[in-house]
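Just so it is clear, the structure is predicted and the values come from calculations on it, not from any experiment.
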Amino acid sequence: MGINFKQSQASLEQASKIAQDLERLLKQQETLISGTKAAASHAKESQVLLELAKLPVDRLKDATEETVRIETLRKYGFHNVASIYNSSAIQLERIPGITLTAAQSLKALADQMYHAVAQSISYGIDIQDLTRADTELIENLQGLDYLRAATKNSTSKMKPIAQTLRNSLTLTDPLNSRFRWFFTGSEKKERALNALQEISYLVGEPATIALIEAARLGLDALEKRSPQPVEEFKKRSSDYYAILEEVTNVRPNTAANRHFNQELLDKIQAQELDTSTIKATLRQYQTFGGKFALTQGRVIIGDEMGLGKTLQAISAIAHRSSTGATRFLVVCPASVITNWMREVDARSELPIIKIHGEDHKASLQNWVESSGIGITTYDTLKSFDVTVEQISALKVDTVIVDEAHYIKNISTGRTRTISKWLDRSPNVIFLTGTPLENRVDEFVALATLLDSKMGNELSRVALAAGPESFRRTVAPIYLRRNTEEVLKELPELIEVVEYCTWEGVDKEKYIDAVVAGNFMAMRRAAFSAMPDMQPSKLERLLELVDESIESGQKVIVFSYFRSIIEQVMHALGERAIGPITGSVSSTQRQNIVDQFQNSSVPLALVGQIQAAGTGLNIQAASVVILCEPQIKPSLEVQAIARAHRMGQVRKVQVHRLILPESVDEQMLAMLARKQSEFDSYARSSDLADSVSDAKGINEESIAKVIVMEERKRLGINESDIGFEITEEDLDEELSVT
């Protein structure tokens, strides 16, 4: 039997080096995982003990069928589960009447309860007060993040290859020298040759070659880690927390899915989600959202702002792409098209074609010919020159509609246009944090676009039966999670009402606006200055910005009014960046946000709440200033969520500037009432303000009531108020696209 020993030994040396690289990478990963678990356990130990201290010692009886001498334990100072956990079995045995076996059983029960609590709670890293355990945890998470990014999360496929190579190499010892080969029996020679053949085949496989390269990239990435892991954590905390959740196997919050029946819940949980082409680690609730979309086909994902609805949609189409689907369509407002392009590119390996702008017809043709993800806007979609037959021929697998409440009015051309695409796609994902703000009928219309049967079943009767009934009815098509349910680590949100004064304010201008019934002018008047004076609101705003900047915090300033935005920009000077208004393109908006986020010097980003308060992620800011109350609760909630969202590592302070004895106080009271109504429905079912609507109250009538109340308070003769709409008011309304 002729054997090329030199060639064989070279092959075996190569295989041995490959096995060593794979094993080294896997060992480093295991070290990082165990380090993460240990650091996380140590970091949240005090938090778990606090929870155990809340559990009376009686709870031990519920965890076992054995007899527990509760009164004896209480008599000797053991009043809660934490006291048992902190004791040893020997200490417990010293209690009269407690045997060693009983003591060991009690200790085991307390340990089990500790681990159960530890697994069920999340813990947040206080970036302003890092402990050594926090820092160790961040360092381990950074290593896992680098490793997963470099290997494209493929380490699970490396282990069997490393094991196969190592097993085969042990059988090839006779091939290490001619002398050994000469004295080896025929059976062992045959095994050695078979092993060599298996090694050569395995090492030459394209999939193995890719994994070997990934392993080397992973090892290289770990060696070149940034020496400032905490700074990286600040920028990418959402990714780090996702890895932490996966590694520590924190159980998902079942309360967030409480409206699903068990059969549907089991079906969703059993659904596979292939994330091999996703360049991110999904949170458990995001994985559930992706599975929900895959299982149900045509759905609304209505999570609160900042919970990563975009990534959930991307994960669903990435899975469908891996199973053979080739064409997808994303329709969104112009203000977020740049964000969509960035998210798909940064979070996946899916091909993208932007169908928007002057060359959109050429881009459309490119998408028609080459497939991929076409990303367009509502208005551009209307200009697509395609027939329904051509739409059918395209075989679009999934249509994603972002800010889907834009199409809740079925009588608009926008909705009629998009319906042609929805009707000819098997899968649809509506994304919106506020699918319905005023009318139950509009939510029904939105649901009908997805599922006509479901839409027909929904009615005011479902609403009248209460929020819980409604949520259960819509559960098969509608998923809604709240921030506090799924982001336990999110820092505190502190809201402060800043009562200003009339000092420096042109009060006559305010009174004139009340007399004229000009609601918008009344709202703007707090920033109307007396000659050579500064309005109190502006003065307080400047103080807040200066205080924040001095403490190293970035600020977002929101106002509904363009004139106020300009006034604030002028007053802040070099401290301000922006403004973001309705006339600023989506690309420009994103560029302004990037400059703000990346600035090493704290700045104040100034923007209209309608334009800058939606579709943008601005976690670099930890202070939000609202120049005036808004008439819709959702507008303020969305604006605050630009900063208080996944990825935020600092406490977020919200300052509302209020002028007492003015329209501000009336609106603040109204906002509190509407927020309560909003919470009852919208927080879990998104029927925002529907209760108000059921009473026939809309924004115009609310404004009229507020004006009448102000007229009464100021002693102005009441009369029918015909709202005065000035060119300035009209400009405010038209300035947002």
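- Listed by chain and number, the residues in a side-chain hydrogen bond (donor to acceptor under 3.5 Å, both in side chains) with Asp266 are Gln262 (sequence neighbours excluded).
- Side chains of His42 and Lys37 form no contact here, defined as non-hydrogen atoms less than 4.5 Å apart.
- Two residues are said to be in side-chain contact when any heavy atoms from C-beta on lie closer than 4.5 Å; Leu211 and Thr155 fail this criterion.
- Distance check, rounded to the nearest 0.5 Å: OG of Ser348 to CD of Glu343 gives 9.5 Å.
- Thr248 contributes a side-chain N or O that, together with a main-chain N or O of Leu244, makes up a donor-acceptor pair within less than 3.5 Å.
- In plain terms, the two heavy atoms of Gly290 and Ala316 that are nearest each other are O-CB, 4.1 Å.
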Exercise for the section: Show your reasoning for whether side chain to side chain contact (heavy atoms under 4.5 Å, CB included) applies to Glu23 and Met158. Expected result: CA-CA 9 Å; Glu23 288 166 348; Met158 295 178 187; over 6 Å; no

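- Remark: Leu144 CG to Thr31 OG1 distance equals 10.0 Å, nearest 0.5 Å.
- Using a 4.5 Å heavy-atom threshold, the side chains of Phe233 and Gln142 count as separate.
- Judged as a salt bridge (Lys or Arg N to Asp or Glu O under 4.0 Å), the pairs with a partner in residues 100-114 (not counting sequence neighbours) are, in order, Lys107-Asp111.
- Taking the ring pair (Phe, Tyr, Trp, His ring centres under 6.0 Å) definition, one finds that Tyr85 meets it with Tyr114, sequence neighbours left out.
- Atom OG of residue Ser548 and atom CD of residue Gln653 lie 6.5 Å apart, to the nearest 0.5 angstrom.
- Residues forming a ring pair (Phe, Tyr, Trp, His ring centres under 6.0 Å) with Phe292 (at least two apart in sequence, or on another chain): Phe260.
- The neighbour count for Lys157 NZ, taken as heavy atoms of other residues, nucleotides or ligands under 6.0 Å away, does not exceed 12.
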Practice task
Might you work through the side chain to side chain donor-acceptor pair (under 3.5 Å) test for Asp134 and Thr131, ending with a clear yes or no?
Solution key: CA-CA 5 Å; Asp134 291 333; Thr131 65; 3.1 Å; yes

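- Pairing each heavy atom of Ala475 with each of Leu264, the nearest pair is O-CD2, 4.4 Å.
- When side chains are defined from C-beta on, Tyr146 does not count as touching Lys224, because their heavy atoms never get closer than 4.5 Å.
- For Lys309 and Asp303, the salt-bridge test fails: no basic side-chain N is under 4.0 Å from an acidic carboxylate O.
- Using a cutoff of 4.0 Å between basic side-chain nitrogens and carboxylate oxygens, Glu139 and Arg225 are not scored as salt-bridged.
- A 6.0 Å sphere centred on CG of Leu100 holds more than 12 heavy atoms belonging to other residues, nucleotides or ligands.
- Within the 4.5 Å cutoff, no side-chain heavy atoms of Val623 are placed close to those of Val652.
- Between the side chain of Gln286 and the backbone N or O of Arg283, at least one donor-acceptor pair lies under 3.5 Å.
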Practice task
Show your working on side chain to side chain contact (heavy atoms under 4.5 Å, CB included) between Lys234 and Gln619 and close with a plain yes or no.
Solution key: CA-CA 9 Å; Lys234 289 178 183 178; Gln619 299 98 318; over 6 Å; no

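- When each of Asn80, Val81, Ile84 is tested with Val57 by the rule side-chain contact (heavy atoms from CB on, under 4.5 Å), just one qualifies, namely Ile84.
- In this structure, the separation between NE2 on His79 and CG on Asp58 is 11.0 Å, given to the nearest 0.5 Å.
- Between the side chains of Glu136 and Asn140, not a single donor N or O lies within less than 3.5 Å of an accepting N or O.
- For Gln104 (side chain) and Ala89 (main-chain N/O), no donor-acceptor pair under 3.5 Å exists by modelled atom type.
- Considering only residues two or more places apart in sequence or on other chains, Lys75 meets the side-chain contact (heavy atoms from CB on, under 4.5 Å) condition with none of them.
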Handout entry: Check against side chain to side chain contact (heavy atoms under 4.5 Å, CB included), Leu137 and Tyr240
Key = CA-CA 10 Å; Leu137 179 59; Tyr240 281 34; over 6 Å; no

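- Scanning all heavy atoms of the two residues, the minimum distance from Ala15 to Ile199 falls at CB-CG2, 3.4 Å.
- Between Glu349 and Lys152 there is a salt bridge, since a side-chain N of the basic residue sits under 4.0 Å from a carboxylate O of the acidic one.
- Residues passing the ring pair (Phe, Tyr, Trp, His ring centres under 6.0 Å) test with Phe430, sequence neighbours excluded: none.
- The minimum heavy-atom distance between Gln269 and Lys291, with the atom names listed, is O-NZ, 3.2 Å.
- Counting only distance, with no hydrogens or angles, the side chain of Ser168 and the backbone of Leu165 share no donor-acceptor pair below 3.5 Å.
- The side-chain contact (heavy atoms from CB on, under 4.5 Å) test with His655 is passed by exactly one of Val497, Ile494, Leu544, Val555: Leu544.
- Glu245 places a side-chain N or O within 3.5 Å of a backbone atom of Gln284 that can act as its donor or acceptor partner.
- The two atoms that bring Thr151 and Ala214 nearest to each other are CG2-O, 3.4 Å, heavy atoms only.
- With respect to the salt-bridge test (charged N to carboxylate O, under 4.0 angstrom), the residues Glu263 and Lys267 do not qualify.
- At distances below 3.5 Å, not a single donor-acceptor pair connects side-chain atoms of Arg148 with backbone N or O atoms of Asn153.
- Side-chain atoms of Leu222 and Leu32, non-hydrogen and from C-beta on, do get closer than 4.5 Å to each other.
- Scanning all heavy atoms of the two residues, the minimum distance from Gln553 to Pro602 falls at O-CB, 3.6 Å.
- For Arg656 and Glu495, the salt-bridge test passes: some basic side-chain N is under 4.0 Å from an acidic carboxylate O.
- With respect to Asp239 and Arg347, a salt bridge is recorded, a charged nitrogen being found less than 4.0 Å from a carboxylate O.
- We find that Lys27 and Glu30 are not joined by a salt bridge, their nearest charged nitrogen and carboxylate oxygen being 4.0 Å or further apart.
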Problem - Audit row: Leu282, Leu273, side chain to side chain contact (heavy atoms under 4.5 Å, CB included) steps and yes/no - result: CA-CA 11 Å; Leu282 273 65; Leu273 180 65; 4.1 Å; yes

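- Contact annotation: the side chain of Pro476 approaches that of Gln296 to within less than 4.5 Å [non-hydrogen atoms, C-beta and beyond].
- Thr277 is not listed as a side-chain neighbour of Ser322, based on a closest heavy-atom distance of 4.5 Å or more.
- At least one donor-acceptor pair under 3.5 Å links the side chain of Ser315 to the backbone N or O of Gln312.
- Summarising the geometry, atom OG1 belonging to Thr99 is positioned 9.5 Å from atom CZ belonging to Arg69; distances are rounded to the nearest 0.5 Å.
- With hydrogens and angles ignored, the 3.5 Å screen pairs a side-chain donor or acceptor of Gln91 with a backbone N or O of Ser88.
- With rounding to the nearest 0.5 angstrom, the CD atom of Glu232 is 12.0 Å from the CG atom of Leu141.
- The pair Arg216-Asp21 meets the salt-bridge criterion, since a charged nitrogen lies less than 4.0 angstrom from a carboxylate oxygen.
- Remark: Lys651 NZ is loosely packed, at most 12 non-hydrogen atoms of other residues, nucleotides or ligands lying under 6.0 Å away.
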